[in-house]
Amino acid sequence: MQLHLYAPHGYTPGAPYWKQLLWHFLGSPLVQSYCLPFSNLKVAVLRLFGAKIGNGVRIKPGVKVKFPWRLQVNDYVWIGENVWIDNLAPVVLESHVCLSQQVYLCTGNHDWSDPAFQLKIAPIRIQAGSWIAARATIGPGVTVEPGAVLTLGGVAVRSLDAMTIYAGNPAQAIKQRVMYPPQHTNHSVNEVIHQ
């Protein structure tokens, strides 16, 4: 590689420099903070910087977001400790998605066949009801279809089919996901214990 040849070729962060600086020095530290454990405050900060965020979103400490103005989070999404949303391109998390601890969403890569190591970016979309387990990684251009699961430490470099469980690096389908209806009962806790 000849890194002195690198140039962004029209790529921009998507916000004026002052906004990037405010995010870097003020907004991002508040969202990452372990001293402010309240999701509502973190959601408010992300919205202030342009993220589109729905209702019932839970954000744990240590979450890093590269560019909030390129983030859409729908309703009832859980984002676990130390998740890194490296969104050079847009990232969409549809409703009822769970990102467990230390998940990495990577929207940018470089062309290793190009001596100038040119940047290549592509969006990530994680569709409703999907679970990305702890320390899993999702690469540029991946769509996770509804209800898919990427297990502990899995690496998705291609899109994942709906209601399928994936594991490994690169992620491979291991079985279909089966969802059982929620258990609704009129029994009290005491009745259940004494049965």
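These values consider heavy atoms only, across backbone and side chains, with no hydrogens, waters or symmetry-generated copies. Quick caveat, the model's predicted, so the values are computed rather than measured.
- The line from CG of Leu99 to CZ of Arg58 is 15.0 Å long, rounded to the nearest 0.5 Å.
- There is a path of hydrophobic side-chain contacts, each under 4.5 Å, that joins Leu105 to Val43.
- In the hydrophobic cluster analysis, where Ile, Leu, Val, Met, Phe, Trp and Tyr join through side-chain heavy atoms closer than 4.5 angstrom, Trp18 is grouped together with Leu26.
- Of all the heavy atoms in Met179 and Met163, the pair that sits closest is CG-CE, 3.4 Å.
- Of the possible polar contacts, none joining the Arg70 side chain to the Val91 backbone as a donor-acceptor pair under 3.5 Å is found.
- Taken to the nearest 0.5 Å, the CD1 atom of Ile79 stands 9.0 Å off from the OG atom of Ser39.
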Let me have the donor-acceptor pairs involving side chains of residues 139-148, under 3.5 Å, with sequence neighbours excluded, atom names and distances please.
from	atom 1	to	atom 2	distance (Å)
Glu145	OE1	Ala162	N	3.1

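- Its side chain outside the 4.5 Å cluster rule for every partner, Leu5 clusters with none of the Ile, Leu, Val, Met, Phe, Trp and Tyr residues.
- Environment of CZ in Arg177: crowded, with over 12 heavy atoms of neighbouring residues, nucleotides or ligands closer than 6.0 Å.
- The distance from atom NZ of Lys66 to atom SG of Cys106, rounded to the nearest 0.5 Å, is 10.0 Å.
- The 12-atom threshold is exceeded at CZ of Arg47, counting heavy atoms of other residues, nucleotides or ligands nearer than 6.0 Å.
- Looking at Ile138 and Ile132, their side chains come closer than 4.5 Å, going by heavy atoms from C-beta outward.
- Residues passing the ring-ring contact (aromatic ring centres under 6.0 Å, His included) test with Tyr166, sequence neighbours excluded: none.
- With a 6.0 Å radius and a threshold of 12 heavy atoms from other residues, nucleotides or ligands, Lys19 has its NZ atom above the threshold.
- The two residues Pro37 and Cys35 make their nearest non-hydrogen contact at CD-O, 3.3 Å.
- Residue pairs that meet the side-chain hydrogen bond (donor to acceptor under 3.5 Å, both in side chains) test with at least one member in residues 85-100, sequence neighbours left out, are Asp86-Tyr104, Glu94-Arg125, Ser100-Trp131.
- Looking only at side-chain heavy atoms (C-beta outward), Leu71 and Ile85 come within less than 4.5 Å of each other.
- Taking CD of Glu81 as the reference point, atom CD of Gln32 lies at 13.5 Å (rounded to 0.5 Å).
- The shortest distance between side-chain heavy atoms of Ile121 and Tyr11 falls below 4.5 Å.
- No side-chain donor-acceptor contact under 3.5 Å links Trp78 to the backbone of Lys60.
- With rounding to the nearest 0.5 angstrom, the NZ atom of Lys175 is 12.0 Å from the OG1 atom of Thr164.
- In this structure, Lys42 contributes its side chain and Ser33 its backbone to a donor-acceptor pair below 3.5 Å.
- Side-chain contact between Trp84 and Val103: absent, with no pair of heavy atoms (C-beta onward) separated by less than 4.5 Å.
- Its side chain within the 4.5 Å cluster rule, Phe25 clusters with Tyr17, Leu21 among the Ile, Leu, Val, Met, Phe, Trp and Tyr residues.
- Looking only at side-chain heavy atoms (C-beta outward), Leu46 and Ile59 come within less than 4.5 Å of each other.
- Two residues are said to be in side-chain contact when any heavy atoms from C-beta on lie closer than 4.5 Å; Gln20 and Pro13 meet this criterion.
- Note: the hydrophobic cluster containing Leu41 also contains Val65 (ILVMFWY, side chain heavy atoms under 4.5 Å, direct or indirect links).
- Between Val63 and Asn82, the closest side-chain pair of non-hydrogen atoms is not below 4.5 Å.
- Crowding of Trp69 atom CH2: a count of heavy atoms from other residues, nucleotides or ligands under 6.0 Å exceeding 12.
- Tyr34 shares a hydrophobic cluster with no other residue; no ILVMFWY side chain has heavy atoms under 4.5 Å from its own.
- Residues Leu150 and Ile165 fail the side-chain proximity criterion, which asks for heavy atoms closer than 4.5 Å.
- Across Gly108 and Leu88, no two heavy atoms sit closer than the pair CA-CD1, 4.0 Å.
- Linking ILVMFWY side-chain heavy atoms closer than 4.5 Å, directly or via other members, places Ile53 and Leu30 in a single hydrophobic cluster.
- Nearest approach of Ile174 to Ala167, heavy atoms of both residues: CD1-CB, 4.1 Å.
- For the atom pair Leu93 CG and Ile126 CD1, the distance stands at 5.0 Å (nearest 0.5 Å).
- The backbone N or O of Val155 lies less than 3.5 Å from no partner atom in the side chain of Thr137, so there is not a single donor-acceptor pair.
- At least one donor-acceptor pair under 3.5 Å links the side chain of Asp75 to the backbone N or O of Asn55.
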